[in-house]
Amino acid sequence: MTAEQFLSSMAAQAVEALYGVKADPSTLQVSVTRKDFEGDYTLVVFPLLRISRQAPAVTAQAIGEWLTANCPEVSGFNAVQGFLNISLSNVYWRETLQDVTADASFGTLPSTGRRIMVEFSSPNTNKPLHPGHIRNNLLGSSVSDLLKAAGNEVIKATLVNDRGVHICKSMYAWEKLFDGATPESTGIKGDHLVGDCYVAYAKLEKEHPEVIDDVHRMLVKWEEGDPAVRALWEKMNGWVFDGFDQTYKALGISFDRTYYEHDTYLLGKELVQKGLDSGVFVRDPDGSVWCDLTADGLDRKLLLRSDGTSVYMTQDLGTAERRFAEYALDSHIYVVGNEQDYHFKVLKLVLSKLGFGWADQIYHLSYGMVELPEGKMKSREGTVVDADDLIEKMYQEARATSEASGKLDGIPEEEKDRLYRMIGLGALKYFILKVDPKKTMLFDPKESIDFNGNTGPFIQYTHARICSILRKASESGLDAAVADESVLSPKEVRLVKLIASYPQKVAEAAEALSPAVLANFSYDLAKEFNQYYHETPVLKEQDATTLAMRLSLLGTIARTLRSAMGILGIELPERM
RNA sequence: GGUUCCGUAGCUCAGCUGGAUAGAGCAACAGCCUUCUAAGCUGUGGGUCACGCGUUCGAAUCGCGUCGGAAUCACCA
């Protein structure tokens, strides 16, 4: 139970004892006290005036007195107008610190028993990953870990878009213009080489629009299983997958299940028949099949072309049905940009019209576009900012900053390199994940590599600082422990209060599917610690009990930061 | 045109299930390293929370409208 919940229930008792009326729980609002006022938590008494029939200050005073008299955890209060500021006792905070320290699974919520599939990344094999893809990958991966921490079983899935006209375009360009070039012969990363083919094709088609007919013939051959076309397709896809694997590895991203569109693009056709039988779908005279959604405020949606081939929606209907059956899912989350809001609205609606009860367990985690300073990026015109370049640039920047400080002098090159990667990646991940997923965000490559202020490296640095102190303490044979005699300073109480709110933050973040909640929490905690650090010497403390308590507090802060940042996929170094 | 989302400091973002004087970072300026890591800390300046009306004891937060921006409405994916 959180302190807020505890005080809210105590306040309910107070109201009943004082006024003989049970207050509606929603009228007992307890929040953290603003920092310019004395107190830990604040009860807003305005909603209770109806019951007390007294002035705000009088009501606040009465409840404050009752709580102080009847609740040992409450050490004092002050009433400012309608705000009752409550202070909790030092004993309460000391016990809270003891509880958190002893709780090995602190921050991991009890099991919900729910199994959730999270689909993300779902790359197009024509295009190297750009910042929009990075946001998708980082969000998907982080939300998966977040849902795990919130007590769910999570299956990370991706659907590789490995077939279709667009792939044939790259294949066509490669055959015509690339003279047998391979990643090995050119030294170009596989996904980039194929991306170059796609760009080259776009240019070619502009000059010779008739080449599209050749591409369509190629697609027909692919569908017929023509050995030569299939062989080329497999070869080029192989290059792309090798390239993607490298990038995924660099980003620290993995999947439990990979689906390929060439396996799934025919799914959903049976559902079309089912819809026709039940009258949910209609067939037009030309043979095309539609679902009429005008009564729901949407348009008519095509589900089967007049030539009998399926569209993207058809496939999505089929894969959703298969996944819910295959994994007995309780829920399915699609991490896809908000440009596809309409698509997912239709998907859910059509599935529920088909009678699937799980249709309302489908969630579209609709994240905002990533904009670059020069305007929206267009991969067809060649990638403006590429994921691999970006990762490399962050690494270089981390190295430069670190070498300038000289703090890592004397440790092995290999270890340094690992740290540079950790820091560069931490900066990139934090920069993207600290923003509310729903919001359109601006990605300025110049600003993203800033390592000061509200950034990943700031939190990593804070962690390294703590580790440095703990290392020195350990070398001196000092132990960390919170004794019952320990007394916490106001700053220490603030830190414990923040730490104690962590499980609640995990729950909030999971509810909102927003890793940004944890990024902000981590920043607040790190900032609070740095202030504490500057005014409170730890290792020089003369009192052994206090010193041991501080070491314990530091260890708990470090652990909490590791947990929260771990959910964002960001590692924290022990030195930097 | 219909629908959906967005508009908070010069810039990037918090705050939004209604609560006290709207917060950080960056950028600018002024300080702090014989003392546990200065990737840090302290201070100064910077706001009509796009605008208007409404609901409320109380609105950045909720509702309606206006203006501005974005996305989407394909026999594309």
Side-chain angles (χ1 to χ4, degrees), chain A residues 26 29 31 33-37 42 44-47 49-50 56 80-83 85 122 124 161 164-166 261 265 284 286-290 297-313 315-316 337-343 345-346 366 368-369 371 373 376 398 401-402 404-405 407 423 427 431 434-436 438-444 447-448 450-462 464-473 508 511 516-517 519-520 523-524 526-527 529-541 550 554 575-576:
Chain A
S26 68
Q29 306 164 14
S31 53
T33 301
R34 290 180 62 106
K35 57 174 173 288
D36 14 296
F37 292 91
T42 298
V44 183
V45 302
F46 288 108
L49 303 183
R50 198 180 297 266
V80 181
Q81 296 162 20
F83 300 92
N85 301 320
S122 301
N124 180 320
N161 184 344
V165 199
H166 49 293
E261 206 182 295
Y265 79 106
D284 273 10
D286 67 0
S288 56
V289 176
W290 300 77
L298 305 175
D299 301 305
R300 262 170 47 113
K301 182 69 194 175
L302 178 83
L303 297 168
L304 224 50
R305 296 189 184 100
S306 52
D307 64 5
T309 57
S310 61
V311 292
Y312 190 61
M313 182 60 74
Q315 176 193 177
D316 258 10
N338 62 13
E339 55 199 348
Q340 294 201 41
D341 284 356
Y342 183 77
H343 174 83
K345 203 184 277 184
V346 171
S366 165
M369 307 261 87
E371 287 174 352
K376 202 187 159 188
T401 306
S402 191
S405 81
K407 284 174 186 164
I423 295 163
F431 186 82
K434 76 172 172 183
V435 181
D436 183 330
K438 296 194 302 282
K439 290 198 164 184
T440 302
M441 68 172 289
L442 185 80
F443 187 89
D444 187 337
E447 284 177 25
S448 68
D450 195 347
F451 292 171
N452 300 316
N454 189 356
T455 65
F458 169 83
I459 295 164
Q460 291 174 318
Y461 179 74
T462 304
R465 262 183 162 174
I466 294 173
C467 288
S468 174
I469 295 176
L470 295 179
R471 204 160 43 233
K472 291 193 162 110
E508 270 174 37
E511 173 65 28
V517 171
N520 290 322
Y523 177 67
D524 289 343
K527 182 147 184 68
F529 169 77
N530 276 314
Q531 290 169 9
Y532 173 72
Y533 174 91
H534 275 273
E535 60 190 53
T536 315
V538 174
L539 295 173
K540 292 206 171 118
E541 174 59 42
R550 287 184 181 162
L554 261 55
R575 61 180 80 220
M576 69 183 272

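Just the heavy atoms: all of them, side chains too, but no hydrogens, waters or symmetry mates, feed the values below. Within every chain, numbering begins at 1; the chains are lettered A, B, ... in the order of the sequence lines, protein sequences first and strands thereafter. All values derive from a computational prediction rather than experimental measurement.
- Within 6.0 Å of CD on A:Glu511 lie no more than 12 heavy atoms contributed by other residues, nucleotides or ligands.
- The side chain of A:Ile469 sits closest to B:rC36 out of B:rC41, B:rA77, B:rC36.
- If you check every strand for non-hydrogen atoms under 4.0 Å, A:Tyr342 touches sugar and phosphate atoms only.
- With both ends at atom C1', the span from B:rG40 to B:rG52 equals 46 Å, rounded to whole Å.
- Contact annotation: A:Arg305 side-chain N/O to B:rC76 OP1/OP2 distance is under 4.0 Å.
- Ring pair A:Tyr312/A:His343 is tilted by interplanar angle, where 30° to 60° counts as tilted.
- If you check B:rU4, B:rA20, B:rC36 against the side chain of A:Asp341, the one that comes closest is B:rU4.
- At whole-Å resolution of the value, CD in A:Gln81 and P in B:rA20 are 11 Å apart.
- For A:Arg300, the salt bridge (charged side-chain N to carboxylate O under 4.0 Å, His left out) test picks out A:Asp284, with sequence neighbours left out.
- Per the geometry, OH belonging to A:Tyr523 stands 10 Å off C1' belonging to B:rC26, to the nearest Å.
- The residue A:Phe46 sits close to a base: some heavy atom pair falls under 4.0 Å.
- The side chain of A:Pro47 lies closest to B:rG19, out of B:rC76, B:rA20, B:rG19.
- Comparing A:Tyr461 and A:Lys527 along RNA chain B, the residue whose closest nucleotide (by nearest heavy atom) sits nearer the 5' end is A:Lys527.
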**Request:** May I have the step-by-step check of side-chain contact (heavy atoms from CB on, under 4.5 Å) for A:Phe431 and A:Met441, ending in yes or no?
**Result:** CA-CA 10 Å; A:Phe431 186 82; A:Met441 68 172 289; 4.1 Å; yes
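- To the nearest whole angstrom, the two C1' atoms, one in B:rA9 and one in B:rC57, are 30 Å apart.
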**Message:** Output one letter per nucleotide in nucleotides 11-18 of chain B: B when a protein non-hydrogen atom lies under 4.0 Å from the base, S when only the sugar-phosphate is that close, - when neither is.
**Reply:** -SSS-B--
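- Atom pair A:His166:NE2 and B:rC76:P shows a separation of 13 Å (rounding to whole Å applied).
- Residue contacts shown for A:Ser366 are absent, as no nucleic acid heavy atom lies under 4.0 Å away.
- When the P atom is compared between B:rU55 and B:rU3, the two are found 26 Å apart, to the nearest whole Å.
- Proximity of A:Lys345 to the phosphate of B:rC73: no side-chain N or O atom is located under 4.0 Å from OP1 or OP2.
- Dashed line: the shortest gap from a side-chain N or O of A:Arg300 to OP1 or OP2 of B:rC73 is not under 4.0 Å.
- Classification of B:rC41 as anti follows from a glycosidic angle more than 90° from 0.
- Taking atom CG of A:Asn530 as the reference point, atom P of B:rA24 lies 15 Å away to the nearest angstrom.
- Going from the C1' atom of B:rU72 to that of B:rC76 covers 14 Å, rounded to whole Å.
- Look at the P atom in both B:rG23 and B:rG45: the space between them is 14 Å, to the nearest Å.
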**Item:** Verdict with reasoning, A:Ser288 to A:Leu304, per side-chain contact (heavy atoms from CB on, under 4.5 Å)
**Value:** CA-CA 5 Å; A:Ser288 56; A:Leu304 224 50; over 6 Å; no
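- The A:Gln531 side chain lies nearest to B:rC41 when the options are B:rC36, B:rC41, B:rU72.
- Per the stacking criterion (ring centres < 5.5 Å, plane angle < 30°), A:Phe37 stacks onto the base of B:rA20.
- Each of A:Thr401 and A:Trp290 lies near RNA chain B, and the nucleotide nearest A:Thr401 is the one positioned closer to the 5' end.
- The residue A:Asp316 sits apart from the nucleic acid: no heavy atom pair falls under 4.0 Å.
- With sequence neighbours left out, A:Ser405 forms a side chain to side chain contact (heavy atoms under 4.5 Å, CB included) with A:Lys407.
- Residue A:Ser402 is in base contact, counting any heavy-atom pair closer than 4.0 Å across all strands shown.
- Across B:rU56 and B:rU61, the matching C1' atoms stand 13 Å from one another, rounded to whole Å.
- Taking atom P on both nucleotides, B:rA20 is separated from B:rA59 by 10 Å, rounded to a whole Å.
- Taking atom CG of residue A:Asn452 and atom P of nucleotide B:rU37, one finds them 19 Å apart after rounding to whole Å.
- Distance CD1 (A:Ile459) to P (B:rG25): 13 Å, rounded to an integer number of Å.
- For the residue pair A:Thr42 / A:Ser31, no side-chain donor-acceptor distance below 3.5 Å is found, with atom types taken as modelled.
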**Prompt:** Would A:Ser468 and A:Arg465 count as a side-chain contact (heavy atoms from CB on, under 4.5 Å) if you check the C-alpha gap in whole Å, the side-chain angles of each, and the deciding distance to 0.1 Å?
**Reply:** CA-CA 5 Å; A:Ser468 174; A:Arg465 262 183 162 174; 5.6 Å; no
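- Annotation: salt bridge (charged side-chain N to carboxylate O under 4.0 Å, His left out) contacts of A:Asp307 (sequence neighbours excluded): none.
- Contacts of A:Phe529 classified as side chain to side chain contact (heavy atoms under 4.5 Å, CB included), with partners at least two apart in sequence or in another chain: A:Thr462, A:Ile466, A:Leu495, A:Tyr532, A:Tyr533, A:Leu554, A:Ile557.
- Under the ring pair (Phe, Tyr, Trp, His ring centres under 6.0 Å) criterion, A:His166 pairs with no residue at all, not counting sequence neighbours.
- When the ring pair (Phe, Tyr, Trp, His ring centres under 6.0 Å) test is applied to A:Phe46, the partners found at least two apart in sequence or on another chain are A:Phe83.
- Every residue two or more places apart in sequence or in another chain that forms a side chain to side chain contact (heavy atoms under 4.5 Å, CB included) with A:Val80 is listed here: A:Phe37, A:Asn78, A:Asn85.
- Comparing B:rA22 with B:rC49, their C1' atoms are spaced 7 Å from each other, to the whole Å.
- To the nearest angstrom, P of B:rC32 lies 14 Å from NE2 of A:His534.
- Counting only heavy atoms from C-beta on, A:Lys540 has its side chain closest to B:rU35 among B:rG19, B:rA77, B:rU35.
- At a threshold of 4.0 angstrom between heavy atoms, the contacts of A:Asp524 with the nucleic acid are absent.
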**Item:** Dot-bracket line, read 5' to 3' along RNA chain B, where crossing pairs take [ ] and | marks a partner on another strand, Watson-Crick or G-U under 3.5 Å
**Value:** (((((((..((((.....[...)))).(((((.......))))).....(((((..]....))))))))))))....
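- A:Phe83 does not qualify as a stacking partner of the B:rG19 base, lacking a centre-to-centre distance under 5.5 Å together with planes within 30°.
- In this structure, A:Arg465 places its CZ atom 6 Å from C1' of B:rU37, rounding to the nearest Å.
- Nucleic acid contact class of A:Thr536 (heavy atoms, under 4.0 Å, all strands): base.
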